[in-house]
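Below: the structure, in structure tokens.
Below, read A as the first sequence line, B as the second, and so on, with proteins coming before strands; counting in each chain starts at 1.
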2 protein chains.
Amino acid sequence: MTRLPDRFAHSLRPTAPDGGARRLNTWQSVRAEVLRRIRSGEWAPGALIPTEHELAAELGCARATVNRALRELAENGVVERRRKVGTRVTTSPAQRTTLEMPSLRSEIEASGAEYGYKLTGFALSVPTDTAMRALQVGPRDEMILVKAQHLANGRAHCWETIWLNPRNLPAVSREVFEEQPAHEWLARALPLTRSRLAIMAEAASGDCALYLGIPDGTPVLAIERVIWHEAMPVSFARQLYPPRHRLISED
Amino acid sequence: MTRLPDRFAHSLRPTAPDGGARRLNTWQSVRAEVLRRIRSGEWAPGALIPTEHELAAELGCARATVNRALRELAENGVVERRRKVGTRVTTSPAQRTTLEMPSLRSEIEASGAEYGYKLTGFALSVPTDTAMRALQVGPRDEMILVKAQHLANGRAHCWETIWLNPRNLPAVSREVFEEQPAHEWLARALPLTRSRLAIMAEAASGDCALYLGIPDGTPVLAIERVIWHEAMPVSFARQLYPPRHRLISED
DNA sequence: AAGTGGTCTAGACCACTAA
DNA sequence: TAGTGGTCTAGACCACTTA
């Protein structure tokens with residue numbers, strides 16, 4: 001939440017041109033007032049709230065200001081809006097949440113730890129079934145397979161496997177990934193179009209257990225990400241985190 | 001993406017009042033054009049793009065329209081904006097993603113399966129350490145502990161443990177939760193203020209393994225959620241999903 | 001001091017949809 | 001057909017930041 005402009009201070013004192021109506025001139029204050037009425041139960045779940053025109057008149061601001069406030073609330077799933085019908089308080093709350101997925105480097109540095117990176121594998125390889133489907137390639141199309149550790153203060157924080165489709169990417173050699181994580185190279189190499197994320201739990205095994213320093217079979221959090229350039233998938237990454245890792249989201 | 005208004009059809013033909021400038025009258029079309037220039041590499045990561053005034057003049061629309069388009073792109077993390085400095089293409093892309101977290105009932109019904117619910121436990125109990133911290137209560141404060149299965153076509157889909165703080169909630173009996181999931185009751189019982197989510201991997205054990213029908217030690221995806229009413233946390237839920245479950249997010 | 005984005009306003013037209 | 005939200009416009013003032 002940003003600080004409100006000084007002008008808002010005046011809005012806090014009720015001015016009563018038509019009998020007690022507050023002036024709520026900024027869209028944040030309108031949003032706050034609407035939220036207050038919903039949370040106080042004054043506007044119950046499922047109920048219609050006043051129209052933009054009515055609210056603008058009551059609160060002493062332009063309709064565009066009310067519209068901005070209600071639009072934000074609709075984007076957050078607090079209300080639902082339909083033309084000709086009106087604006088309704090959502091019945092089932094909090095079904096949409098924004099997940100921050102910082103790069104591993106900034107995530108680790110933000111926690112005050114020193115970021116470390118170590119390449120543990122680089123090869124040309126035919127894709128696994130999962131990689132084949134994710135990258136939309138054939139079983140004999142050779143992909144670049146990069147494996148790496150991300151470290152926080154020298155301790156394993158994440159182990160990552162990335163498949164890259166060399167047909168859709170600039171030429172690249174092992175040396176490049178000894179210096180920098182594949183995602184940082186990718187972001188500089190190409191403008192990226194679209195990405196898809198999947199989060200799941202699985203059991204650590206083989207290299208994963210080895211490089212995370214945990215016993216085989218330990219549950220790990222897996223994040224899969226496919227990134228497109230134009231209409232082509234160019235990378236398929238699997239990041240594996242030890243059990244202490246948590247994805248946090250706050251509304 | 002919603003269908004564009006018919007008016008937009010006209011914007012597609014370049015009108016050249018001042019030498020080739022397109023008219024892009026809707027904020028979606030301005031956003032699309034800016035995105036195109038970023039993805040084509042015309043505006044590289046880290047580069048400053050033209051000011052709102054310049055873009056409005058070039059594209060033949062009001063500055064407010066350009067502002068709306070750039071604001072949306074900033075919210076999605078595509079550009080970064082600072083007063084007096086200007087608008088920059090973000091260096092590290094795609095670090096923010098929206099996760100849809102539908103209620104279990106609607107998620108299961110949307111997949112075409114029949115939703116089922118079964119209460120497997122109801123008790124007054126002192127909180128575990130985790131629940132104590134989440135609900136901000138003392139070690140001897142008795143909480144309501146509800147355990148339940150959510151089923152898809154009769155098959156275990158999720159096993160859930162919910163701690164409720166009776167001091168901050170209307171009175172409730174076991175019978176209530178035999179009929180409906182705690183979250184559905186909660187949403188009707190109180191206007192909810194705020195929630196916090198954590199996602200992690202852990203090993204199934206005891207009741208969890210039993211009710212999900214999987215061996216002890218199987219990795220499960222855990223979603224913890226704390227919900228507030230006013231300034232008080234009222235519920236702490238832990239949902240556990242078998243390994244086949246995936247959280248999906250698309251941009 | 002000056003230039004950028006952030007927002008408000010008043011009015012207008014349009015799109016969608018229930019009645 | 002009428003009422004609701006969705007958006008655009010042109011102008012204005014302001015907040016924040018660099019110089």
Side-chain angles (χ1 to χ4, degrees), chain A residues 1-12 15 17 21-34 47-76 78-90, chain B residues 1-11 15 17 21-34 47-75 78-90:
Chain A
M1 179 65 81
T2 57
R3 210 171 60 79
L4 292 173
D6 292 342
R7 194 187 347 156
F8 180 59
H10 304 287
S11 319
L12 288 175
T15 62
R22 271 157 291 213
R23 276 195 81 78
L24 298 178
N25 277 327
T26 69
W27 70 267
Q28 284 108 329
S29 61
V30 172
R31 181 183 59 178
E33 173 64 11
V34 170
L48 274 175
I49 76 175
T51 67
E52 294 186 348
H53 267 113
E54 290 167 347
L55 279 173
E58 185 203 344
L59 303 176
C61 63
R63 181 167 77 95
T65 305
V66 174
N67 179 275
R68 171 85 188 265
L70 293 181
R71 181 164 25 92
E72 301 267 333
L73 289 172
E75 280 171 9
N76 291 335
V78 176
V79 299
E80 291 166 345
R81 321 195 69 195
R82 281 169 66 202
R83 285 169 170 168
K84 167 70 180 175
V85 177
T87 301
R88 236 175 242 292
V89 180
T90 305
Chain B
M1 179 64 83
T2 57
R3 210 169 62 76
L4 293 173
D6 293 342
R7 195 185 348 155
F8 179 59
H10 304 287
S11 318
T15 63
R22 273 158 291 212
R23 277 194 81 77
L24 297 179
N25 276 327
T26 70
W27 70 267
Q28 283 108 330
S29 60
V30 172
R31 181 182 60 179
E33 174 64 12
V34 171
L48 274 177
I49 75 176
T51 65
E52 295 188 346
H53 267 113
E54 291 166 347
L55 279 173
E58 185 203 344
L59 303 176
C61 63
R63 181 168 78 96
T65 305
V66 174
N67 180 274
R68 170 84 186 266
L70 293 181
R71 181 162 25 91
E72 301 266 334
L73 289 172
E75 280 172 8
V78 176
V79 298
E80 291 165 344
R81 322 195 68 197
R82 281 170 66 202
R83 285 171 172 170
K84 167 72 182 175
V85 177
T87 301
R88 238 175 240 293
V89 181
T90 305

Between [atom2] on [N] and [atom1] on [X], what's the gap in Å once rounded to a whole number?
X	N	atom1	atom2	result
Arg71(B)	dG6(C)	CZ	C1'	9 Å
Glu52(B)	dT7(C)	CD	P	10 Å
Lys84(B)	dT17(D)	NZ	C1'	7 Å
Arg68(B)	dC8(C)	CZ	C1'	15 Å
His53(B)	dA2(C)	NE2	P	17 Å
Ile49(A)	dG5(D)	CD1	C1'	12 Å
Arg83(A)	dA19(C)	CZ	C1'	18 Å
Leu55(B)	dC8(D)	CG	C1'	17 Å

Practice item. Please work out if Arg82(B) contacts a base, only the sugar-phosphate, or nothing of the nucleic acid, heavy-atom cut-off 4.0 Å. Key: sugar-phosphate
Exercise for review: Assign Arg63(A) to base, sugar-phosphate, or nothing according to its heavy-atom contacts below 4.0 angstrom with the strands shown.
Suggested key: base
Looking at [N], I'd like to know if its phosphate oxygens (OP1 or OP2) sit under 4.0 Å from a side-chain N or O belonging to [X].
X	N	answer
Gln28(A)	dT7(C)	yes
Asn67(B)	dG6(C)	yes
Arg81(A)	dG6(D)	yes
Thr87(B)	dT4(C)	no

**Study point:** Main-chain N/O of Thr26(B) paired to Thr65(B) side chain as donor or acceptor, under 3.5 Å
**Key:** no
Practice item. To the nearest 0.5 Å, tell me how far Leu48(A) CG sits from Glu80(A) CD. Key: 11.0 Å
**Study point:** Glu75(A) CD to Glu75(B) CD distance, which is reported to the nearest 0.5 Å
**Key:** 6.0 Å
Point to revise | Along DNA chain C (nearest heavy atom to each residue), the more 5'-positioned of Ala64(A) and Val85(A) | key: Ala64(A)
**Study point:** Of Pro50(B) and Thr65(A), the one whose closest DNA chain C nucleotide lies more 5'
**Key:** Pro50(B)
Point to revise | Beyond-backbone contact of Leu73(B) with Thr87(B), side-chain heavy atoms, under 4.5 angstrom | key: no
Point to revise | Close side-chain approach of Arg81(B) to Asn67(B), heavy-atom, < 4.5 Å | key: yes
Exercise for review: State which of dC8(D), dT7(C), dG5(D) makes the closest approach to the side chain of Trp27(B).
Suggested key: dC8(D)
